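A quick write-up on the structure given underneath.
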Amino acid sequence: PLDHRVQIDGSAQLIADYVNDLGAQEVYLLGYSTGGPIAIETAQRIEAPEVSLALISTAGPAPAGILSSMRSGVEVVRAMLRTGSLRPRDAWTENYRTLLYGDEGLNDPARARDSAARAEAQRQNMSTPSLRRTFAHTLSLMFWTLDRPGALADARVRLFHGDADTVFTPAMARRLASRLPADQITYYQGQGHLLFVTSQRLFDDIHSFFFDED
């Protein structure tokens with residue numbers, strides 16, 4: 001169900017229990033957005049001697065979730081102003097363009113055309129989430145803190161982040177990377193939060209990181 005409550009610690013424990021039951025010796029985790037904190041918490045619970053963690057457009061600890069929600073609300077209002085429409089589907093479709101390439105992508109002719117085409121292709125899938133669903137999917141993130149960064153001392157961690165991400169900014173990514181600490185951050189110029197959609201090399205880069213092909 002789309003309105004179930006996402007619990008970061010509970011999700012992490014569920015995944016870690018499954019992996020530990022397998023007796024895996026090498027574990028490779030990918031976490032996207034809110035999945036980043038889930039992957040971090042999972043890595044802290046995994047017993048395997050080798051753990052590698054790739055965080056894509058990742059969320060960070062509080063107050064990152066609260067700031068992101070406020071920023072996202074502003075972006076939707078700006079999308080409404082750009083379209084001149086009060087219809088939610090129009091606003092969400094326009095906002096999708098910002099998720100692809102950030103604010104500056106609207107001023108770049110090639111990216112503006114690309115984002116407009118991609119957004120229009122997704123129009124039928126755009127809907128305003130209910131208040132219940134919104135809280136179910138975001139409440140746990142709002143109060144998540146990085147309690148035990150030292151637990152990742154033996155893990156390999158790298159962030160993959162668009163430098164035009166308006167949801168979780170590059171500055172937020174840098175703060176999280178310094179606290180983990182992460183091996184490094186790979187930035188993607190002119191790309192936003194939906195990095196897995198826009199980047200042609202993201203998963204090749206992650207594969208190289210996982211298997212020491214850099």
Side-chain angles (χ1 to χ4, degrees), residues 1-65 68 129 133-162 165 167-168 172-188 191 193-214:
L2 293 178
D3 61 354
H4 69 287
R5 185 168 179 181
V6 176
Q7 291 281 5
I8 291 176
D9 288 347
S11 299
Q13 193 63 58
L14 184 70
I15 298 167
D17 287 346
Y18 176 78
V19 173
N20 290 335
D21 285 345
L22 292 175
Q25 296 300 297
E26 299 177 16
V27 177
Y28 304 90
L29 294 169
L30 283 83
Y32 168 72
S33 196
T34 301
I38 293 174
I40 290 169
E41 293 293 336
T42 300
Q44 294 175 346
R45 293 164 168 80
I46 283 178
E47 299 166 358
E50 295 186 26
V51 178
S52 297
L53 181 56
L55 303 175
I56 306 168
S57 306
T58 185
S68 172
R133 186 189 303 177
T134 298
F135 279 124
H137 285 194
T138 62
L139 200 58
S140 182
L141 176 63
M142 299 292 185
F143 301 101
W144 176 69
T145 57
L146 188 61
D147 293 331
R148 299 179 297 132
L152 292 175
D154 295 329
R156 298 172 63 241
V157 184
R158 185 172 297 181
L159 278 65
F160 300 83
H161 216 88
D165 193 331
V167 178
F168 298 110
M172 290 179 176
R174 285 193 293 272
R175 284 194 292 272
L176 176 60
S178 67
R179 290 191 61 192
L180 289 173
D183 295 357
Q184 69 178 64
I185 306 177
T186 300
Y187 286 112
Y188 296 82
Q191 298 188 49
H193 191 63
L194 298 179
L195 193 54
F196 63 93
V197 175
T198 57
S199 174
Q200 297 182 357
R201 52 175 250 255
L202 171 65
F203 291 105
D204 288 334
D205 290 345
I206 292 173
H207 187 280
S208 295
F209 162 63
F210 279 163
F211 301 107
D212 289 320
E213 298 171 353
D214 292 335

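Note that this is a predicted model, so its numbers are computed, not measured. If you read the sequence from its start, that first residue is 1, and numbering goes on from there.
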| field | Crowding at CG, D154 (>12 non-hydrogen neighbours, <6.0 Å) | value | no

| query | Quick one: are V167 and S57 in side-chain contact, heavy atoms under 4.5 Å? | reply | no

| task | Check whether any side-chain heavy atom of L159 lies under 4.5 Å from a side-chain heavy atom of L180, and answer yes or no. | result | yes

| query | Is there a donor-acceptor pair closer than 3.5 Å between any side-chain N or O of S199 and the backbone N or O of R201? | reply | yes

| message | Less than 4.5 Å apart, side chain to side chain, heavy atoms only: is that true for R45 and D9? | response | yes

| If you look at every heavy atom in A62 and T145, which pair is closest and at what distance? | CB-CG2, 4.5 Å

| What distance do W144 atom CH2 and I38 atom CD1 have between them, rounded to the nearest 0.5 Å? | 10.0 Å

| Between S208 and D204, is there a donor-acceptor pair closer than 3.5 Å when you use the side chain of the first and the backbone of the second? | yes

| query | Without hydrogens or angle criteria, can the side chains of T186 and H161 be said to hold a donor-acceptor pair below 3.5 Å? | reply | no

| message | Can a side-chain donor-acceptor contact be found between Q13 and D17 if the only test is distance below 3.5 angstrom? | response | yes

| request: Identify, with sequence neighbours excluded, every residue that meets ring-ring contact (aromatic ring centres under 6.0 Å, His included) alongside F196. | output: Y32

| field | Note, R156 side chain near V51 side chain (heavy atom, < 4.5 Å) | value | no

| field | Minimal non-hydrogen separation, V157 against P181, with atom names | value | CB-O, 4.5 Å

| field | Nearest heavy atoms of F168 and S68, plus distance in Å | value | CE2-CB, 3.5 Å

| task | Heavy atoms only: give me the nearest L176-G60 pair and the separation to one decimal. | result | CD2-CA, 4.3 Å

| Any side-chain heavy-atom pair of Y188 and Q200 under 4.5 Å | no

| request: Using atom types as modelled and distance alone, determine if a side-chain donor or acceptor of R158 lies under 3.5 Å from a backbone N or O of L55. | output: no

| field | Test item: L202 and F160 side chains (from C-beta on) under 4.5 Å apart, heavy atoms | value | yes

Sequence neighbours excluded and cut-off under 3.5 Å, please list the side-chain donor-acceptor pairs for residues 24-31, or say none.
{"residue": "Q25", "atom": "NE2", "partner": "G23", "partner atom": "O", "Å": "3.3"}
{"residue": "E26", "atom": "OE1", "partner": "Y28", "partner atom": "OH", "Å": "2.7"}

| query | Taking T198 for the side chain and Q191 for the main chain, is one N or O donor matched with an acceptor at less than 3.5 Å? | reply | no

| Distance from I8 atom CD1 to L139 atom CG, nearest 0.5 Å? | 10.0 Å

| message | Can you confirm whether or not the ring centre of H207 sits under 6.0 Å from the ring centre of F203? | response | no

| Distance in Å, T138 OG1 paired with M142 CE, rounded so as to fall on 0.5 Å steps | 4.0 Å

| task | Nearest 0.5 Å please: distance from the CG atom of L194 over to the CD1 atom of I56. | result | 11.5 Å

| said: For a 4.5 angstrom cut-off between non-hydrogen side-chain atoms, does T58 reach S33? | reply: no

| Contact check, side chains of F209 and D183, non-hydrogen atoms, under 4.5 Å | yes

| message | P63: which residues meet the side chain to side chain contact (heavy atoms under 4.5 Å, CB included) condition with it, sequence neighbours left out? | response | L67

| note | dist E47:CD -> N20:CG (nearest 0.5 Å) comes out at 3.5 Å

